[in-house]
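What follows is a short report on a single structure.
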Amino acid sequence: MERSSLEEVFTVKPPLYAYHDLTLSSLSSLSLTKSHSINSENSIEFELSGQHPLLIYEVDKPIVNNQSSSYLQLDFQCIDELSANKSYPIQVFWKTQEEHFTEDSSLRVEIQEGLNQISLGNIISPLGINYLRIDFSNSRGCSIFTLKSLAVGEKVDDLK
C-alpha cells in the first residue's frame with residue numbers, strides 16, 4: 001500500500017502535551033494586551049464568542065536565548081458544564097517587538113485542567129520574545145474557562 005507524503009497524516013505535526021509538575025524559576029509575568037472573539041469581564045475568566053478566538057500577552061521581561069529551556073505556565077480550568085473533554089487543543093505563537101505572529105513561530109499543544117507547563121524549547125529569538133498569543137479551538141474544547149498563573153520561567157534542573 002502506498003501513501004503520499006502530502007496526505008494530512010504526514011503534513012500535520014502531532015500535538016505536544018504539557019507538563020504538570022515541574023519546578024520553574026525566574027518567572028516573568030504576562031499581561032493581557034488584546035483578545036479576539038473572546039468575552040471577558042476580567043483578565044482571568046473568558047468565554048469564546050466567535051471565529052478564531054485568541055488572547056495576546058506581553059511578557060514583562062523579554063525571553064532571550066539562553067542555555068536553559070523556557071516554559072509557558074498556565075492554570076486552566078474549564079467551567080463550561082457542557083464540556084466532557086479531558087484535554088483541550090491550543091496553539092501558542094511568539095514574536096519579537098518588530099515581527100508578526102506566524103505559523104512558523106508557533107506550536108500546538110493539548111492542555112488539561114489544572115497547571116500546565118509548555119516547553120518553549122529552542123524557539124527563543126536572540127532578539128527577545130516580547131509577545132505570546134494563545135489561540136483556542138472552538139470546535140473541540142471548552143467555551144467558558146479561567147486562565148490563571150500565566151508566566152514564563154525556566155526549569156530548575158536546567159539551571160544547574
Side-chain angles (χ1 to χ4, degrees), residues 3-24 27-59 63 68-96 99-125 129-155 158:
R3 293 191 286 179
S4 168
S5 64
L6 298 178
E7 289 182 32
E8 184 175 336
V9 73
F10 289 107
T11 58
V12 175
K13 295 178 187 174
L16 301 172
Y17 290 87
Y19 296 93
H20 305 285
D21 58 358
L22 301 177
T23 303
L24 301 181
L27 294 177
S28 295
S29 62
L30 304 176
S31 302
L32 182 62
T33 61
K34 186 176 180 182
S35 66
H36 179 267
S37 295
I38 295 182
N39 295 328
S40 178
E41 292 184 18
N42 54 49
S43 59
I44 296 173
E45 189 173 319
F46 303 95
E47 181 176 6
L48 304 184
S49 63
Q51 297 282 332
H52 311 293
L54 62 89
L55 299 170
I56 298 176
Y57 290 90
E58 184 172 8
V59 182
I63 309 164
S68 59
S69 296
S70 293
Y71 290 79
L72 169 62
Q73 175 176 281
L74 56 91
D75 187 346
F76 175 85
Q77 296 296 323
C78 179
I79 53 178
D80 182 351
E81 294 178 5
L82 300 177
S83 176
N85 292 327
K86 299 296 180 201
S87 66
Y88 306 92
I90 64 170
Q91 187 170 6
V92 178
F93 294 80
W94 57 90
K95 74 178 196 81
T96 65
E99 297 174 326
H100 298 285
F101 291 112
T102 66
E103 289 289 326
D104 288 340
S105 297
S106 75
L107 58 86
R108 295 176 190 272
V109 63
E110 298 274 337
I111 60 172
Q112 298 175 353
E113 288 197 42
L115 189 65
N116 292 269
Q117 296 157 322
I118 303 162
S119 174
L120 300 179
N122 297 325
I123 64 170
I124 307 307
S125 164
I129 300 301
N130 300 91
Y131 295 93
L132 295 175
R133 184 178 107 188
I134 303 173
D135 288 19
F136 298 88
S137 170
N138 50 4
S139 62
R140 188 191 105 202
C142 178
S143 63
I144 305 171
F145 57 91
T146 61
L147 273 182
K148 301 181 208 170
S149 305
L150 270 85
V152 174
E154 298 171 354
K155 191 168 93 171
D158 288 350

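Being a predicted model, the structure only gives us computed values, none of them experimental.
Residues L115 and Q117 share a closest heavy-atom pair of CD2-NE2, 3.9 Å. Taking every heavy atom of both residues into account, L22 and K155 meet most closely at CD2-CD, 3.8 Å. Residues I79 and C142 come closest through the heavy atom pair N-SG, 4.0 Å. Summarising the geometry of L27 relative to G153, their closest heavy-atom pair is CD2-CA, 3.7 Å, with the distance given to 0.1 Å. The heavy-atom pair separating S35 from L55 by the smallest distance is CB-CD2, 3.6 Å. In terms of heavy atoms, D104 sits closest to W94 at O-CZ2, 4.3 Å.
Two residues are said to be in side-chain contact when any heavy atoms from C-beta on lie closer than 4.5 Å; L30 and V59 meet this criterion. Residues F46 and P53 form no side-chain contact, since every pair of their non-hydrogen atoms from C-beta on lies 4.5 Å or further apart. For the pair I118 and L107, the minimum side-chain heavy-atom distance is below 4.5 Å. Side-chain contact between L132 and V152 is present, with heavy atoms from C-beta onward closer than 4.5 Å. You'll find the side chain of I56 reaches within 4.5 Å of the side chain of R133, heavy atoms only. Counting only heavy atoms from C-beta outward, the side chains of F136 and Y88 never approach each other to under 4.5 Å.
Rounding to the nearest 0.5 angstrom, the gap separating the CD1 atom in I111 from the CG atom in L74 is 5.5 Å. Atom CD of residue E113 and atom OG of residue S87 lie 10.5 Å apart, to the nearest 0.5 angstrom. Rounding to the nearest 0.5 angstrom, the gap separating the CD1 atom in I129 from the CG atom in L120 is 9.0 Å. Atoms CZ and CG, from F93 and D135 in turn, are 4.5 Å apart once rounded to the nearest 0.5 Å. If you take CD1 on I90 and CG on L54, they are separated by 12.0 Å, rounding to the nearest 0.5 Å. Interatomic distance, CD1 of I38 versus NE2 of H52, reported as 12.5 Å (0.5 Å rounding).
Contacts of Q51 classified as side-chain hydrogen bond (donor to acceptor under 3.5 Å, both in side chains), with partners at least two apart in sequence or in another chain: none. Looking at residues two or more places apart in sequence or on another chain, you find no salt bridge (charged side-chain N to carboxylate O under 4.0 Å, His left out) involving E41. When the side-chain hydrogen bond (donor to acceptor under 3.5 Å, both in side chains) test is applied to N39, no partner is found at least two apart in sequence or on another chain.
No hydrogens or angles considered: a donor-acceptor pair under 3.5 Å links the side chains of Q91 and S106.
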Check step by step if side-chain contact (heavy atoms from CB on, under 4.5 Å) holds for T33 and Y57. CA-CA 5 Å; T33 61; Y57 290 90; 5.9 Å; no
